[in-house]
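Note sheet for the following structure.
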Protein chains: 2
Amino acid sequence: MDRVSTIKDVAKLANVSISTVSRVLNGTTPVSKESSDKVYKAVEVLDYKPNAMARSLISKKTMTIAVIIPNLSNLFFPELLRGISKAVEKEGYFLIICNTDYSSEKEEKYINQMLERRVDGFIIVSSSISNEKLTQMLKGKTSVVFVYSYADFGYNIMEDGIKATYDATKYLIHMGHKKIACIGWRFKGVNVRYMGFRKALEEFNVDFRNEYVIDCGYSKEEITNNTIKLLKMKDRPTGIVAFNDDTAIAIMMAAKDMGIKIPEDLSIIGYDNISISNILLKPLTTISVPIHKMGINAGKKIIQIIDNSISYSDTYREEYIPYELIERESVKSMDIDS
Amino acid sequence: MDRVSTIKDVAKLANVSISTVSRVLNGTTPVSKESSDKVYKAVEVLDYKPNAMARSLISKKTMTIAVIIPNLSNLFFPELLRGISKAVEKEGYFLIICNTDYSSEKEEKYINQMLERRVDGFIIVSSSISNEKLTQMLKGKTSVVFVYSYADFGYNIMEDGIKATYDATKYLIHMGHKKIACIGWRFKGVNVRYMGFRKALEEFNVDFRNEYVIDCGYSKEEITNNTIKLLKMKDRPTGIVAFNDDTAIAIMMAAKDMGIKIPEDLSIIGYDNISISNILLKPLTTISVPIHKMGINAGKKIIQIIDNSISYSDTYREEYIPYELIERESVKSMDIDS
DNA sequence: GTGAAAGCGCTAACAA
DNA sequence: TTGTTAGCGCTTTCAC
């Protein structure tokens with residue numbers, strides 16, 4: 001690989017001092033036309049590209065934002081990323097992506113590495129780290145916006161509490177379902193989904209059954225296996241509340257393989273409304289959330305925070321994500337034939 | 001924001017020299033237990049994180065790889081990214097993502113900015129820059145692997161020439177279709193798809209009709225509008241070869257809205273086999289390509305190139321991607337009722 | 001308008 | 001084993 005040229009090379013070739021080179025490249029101080037011409041010529045000849053790290057070392061700005069995200073398999077995340085990317089690129093920032101695989105160890109490791117890189121800010125999605133830890137690691141040290149993470153500092157973009165899954169569950173109940181399962185997880189951010197589920201059952205006096213709550217992993221295999229187990233029960237549920245569309249889709253596929261028809265034999269409601277959910281084998285009834293817009297908001301917000309360098313106490317705020325229930329074809333009314 | 005502490009602060013607090021601090025942190029030279037204890041203590045107290053940029057300035061390694069990619073909307077790209085990310089993260093590298101939106105200006109701009117950042121290597125997907133420009137910008141200056149880009153240097157992961165769409169088109173022909181359209185683009189990398197289409201028509205003596213080739217953009221709107229126009233023709237095609245699944249899906253949706261049934265009224269074959277293509281409203285017959293694996297290969301390869309710092313001449317190679325035609329439900333045989 | 005020199009935060013000789 | 005110093009590539013005083 002060719003040695004890459006430095007400002008020194010340019011200065012030497014142009015026969016000026018390095019400060020002059022710097023000046024013409026940055027336009028900080030007026031420079032004689034003669035010098036500037038020589039510099040430009042030399043830059044051209046040497047194909048000189050200023051070293052961004054050397055610059056950052058001085059400016060203390062890296063123009064990069066770390067995105068800490070569980071994975072890219074669940075289509076929710078690329079869609080969010082798209083929004084973030086859009087908002088951020090127009091301001092000249094770049095994104096560095098860290099996949100945590102929902103592992104808090106990895107998440108912690110990556111956050112520390114990003115801190116070492118002196119990224120200008122963080123967007124942390126579905127964090128699985130405790131608030132204490134998060135606080136200790138980040139609070140007062142950098143700019144951060146959380147998405148679905150429920151930290152007690154920084155800017156938090158979050159769901160309307162437990163209401164959304166409450167509504168989803170209620171919908172199933174109103175459609176006449178009495179045996180309702182849920183599939184999801186119970187940690188931090190998404191735990192509220194579980195709470196909403198419980199609340200609805202309670203409020204409408206529908207039996208809660210422990211064997212109907214599937215606290216599963218994130219891989220398709222785990223979801224599939226758990227679904228099979230659930231659907232093989234002698235007294236299986238007629239409706240399922242999935243805590244995200246990705247899971248709902250995996251369930252659909254598992255059901256299909258088992259010869260269980262949706263919605264005839266099994267109703268299912270999802271969460272997120274990822275963009276493919278309406279073009280599925282069976283279009284999914286789901287809680288719709290403005291994913292792309294959330295991404296844009298997260299991107300815009302982190303830049304605002306960085307630029308104004310608002311301190312923690314000013315920036316703490318919650319931004320609730322609006323949602324709506326979209327009725328499609330994956331839920332059947334039980335009232336007719338029951 | 002708190003001032004972040006430097007090695008100097010640690011040295012002062014630990015009452016040792018900065019080189020001692022550096023030594024214990026990097027384990028380069030043996031240090032007395034006493035000193036090292038003091039250093040660790042100070043690091044702890046100050047929550048010291050070594051500045052990665054300062055390090056990189058010296059080591060000339062950034063541990064980051066730039067991924068230049070058209071967008072994240074076409075699900076092919078996140079899937080590829082997932083593979084890249086997986087391969088790269090285990091080696092300690094991070095990815096910085098540049099969305100070009102298929103714009104060669106943006107692509108050029110981003111490549112230059114990444115060059116300034118001294119990324120260790122590039123993975124460039126579906127480049128829309130000319131080979132001359134690419135050569136001038138990158139050749140001999142950094143490590144690069146191209147995916148679907150057909151450069152004449154670097155490591156190229158590419159399709160088996162024009163054969164895949166030739167096969168796709170042939171398939172439609174063998175299913176009895178005589179009026180076949182194609183939808184895609186004719187630039188650089190993906191141009192071969194168009195060539196394959198032409199070749200098959202020619203070889204099997206199927207009429208080529210200029211109004212049946214849709215050289216469209218990438219947005220859903222453009223595809224939709226072009227599809228509508230195509231399907232509104234008095235003499236519309238009975239089969240369509242889409243140059244990627246993303247486009248095929250957009251066509252499906254447009255057709256659905258127009259009341260045109262697939263495959264009864266219109267057959268369609270895609271390209272890529274993105275992971276959702278088998279769970280669609282109408283499972284898509286398509287050319288299947290090992291996207292995730294391609295990503296992994298690209299990631300592994302770029303690291304090999306970086307680590308061995310193989311020079312251009314050694315690294316130029318083509319790696320052809322295997323593909324297979326997957327028959328699902330979006331193509332109908334015309335032989336029965338024609 | 002321009003150059004010399006200090007310094008960003010770190011590593012790596014080089015002495016001691 | 002340890003500290004001093006030079007230097008990575010750049011920006012920015014500070015003189016001239």
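Everything numeric here is computed off the predicted structure, so don't read it as measured data. In what follows, chains are A, B, ... by sequence order, proteins preceding strands, each numbered from 1.
A side-chain donor-acceptor contact under 3.5 Å links A:Asn71 to the backbone of A:Ser73. In this structure, the side chain of B:Ser149 engages the main chain of B:Val147 through a donor-acceptor pair within 3.5 Å. In this structure, the side chain of A:Ser22 does not engage the main chain of A:Thr20 through any donor-acceptor pair within 3.5 Å.
Heavy-atom neighbours of A:Lys61 NZ from other residues, nucleotides or ligands within 6.0 Å: above the threshold of 12.
Rounded to an integer number of Å, the gap from A:Ile18 CD1 to D:dT12 P is 13 Å. Atom CZ of A:Arg117 is separated from atom C1' of C:dC10 by 16 Å (rounded to the nearest Å). Put simply, CG on A:Asp37 is 16 Å from C1' on C:dT2, counting in whole angstrom units. Straight-line distance from the NZ atom of B:Lys49 to the C1' atom of C:dC10: 17 Å, rounded to whole Å. Following rounding to the nearest Å, B:Leu57 (CG) and C:dG7 (P) show an atom-to-atom distance of 17 Å.
Mapping A:Thr28 and B:Asn15 onto DNA chain D via the closest heavy atom, the residue that lands nearer the 5' end is B:Asn15. Each of A:Asn26 and B:Glu34 lies near DNA chain D, and the nucleotide nearest B:Glu34 is the one positioned closer to the 5' end. Between B:Arg23 and B:Met53, it is B:Met53 whose nearest contact on DNA chain C lies nearer the 5' terminus.
In the interface, the side chain of B:Ser59 is not paired with the base of C:dT11 through any donor and acceptor atom under 3.5 Å apart. Residue side chain A:Ser19 reaches the base of C:dA4 through a donor-acceptor N/O pair under 3.5 Å, judged by distance alone.
Closest to the side chain of A:Thr29, out of D:dG7, D:dG9, C:dT2, is C:dT2. Distance from the side chain of A:Thr20 is smallest to C:dG3 among D:dC8, C:dA12, C:dG3. Closest approach to the B:Ser22 side chain among C:dT2, C:dA12, C:dT11 is made by C:dT11 (side chain taken as heavy atoms from C-beta onward). Comparing D:dG9, C:dG9, D:dT12 against the side chain of A:Thr6 picks out D:dG9 as the nearest. For A:Ser17, the listed nucleotide lying nearest its side chain is C:dG3; candidates were D:dG3, C:dG3, C:dG9.
Between A:Lys8 and D:dG7 there is no side-chain polar atom (N or O) within less than 4.0 angstrom of OP1 or OP2. When the side-chain nitrogen and oxygen atoms of A:Arg55 are compared with OP1 and OP2 of D:dT11, one or more of them lie within a distance under 4.0 Å.
A:Glu89 and B:Asn99 share no side-chain donor-acceptor pair at under 3.5 Å.
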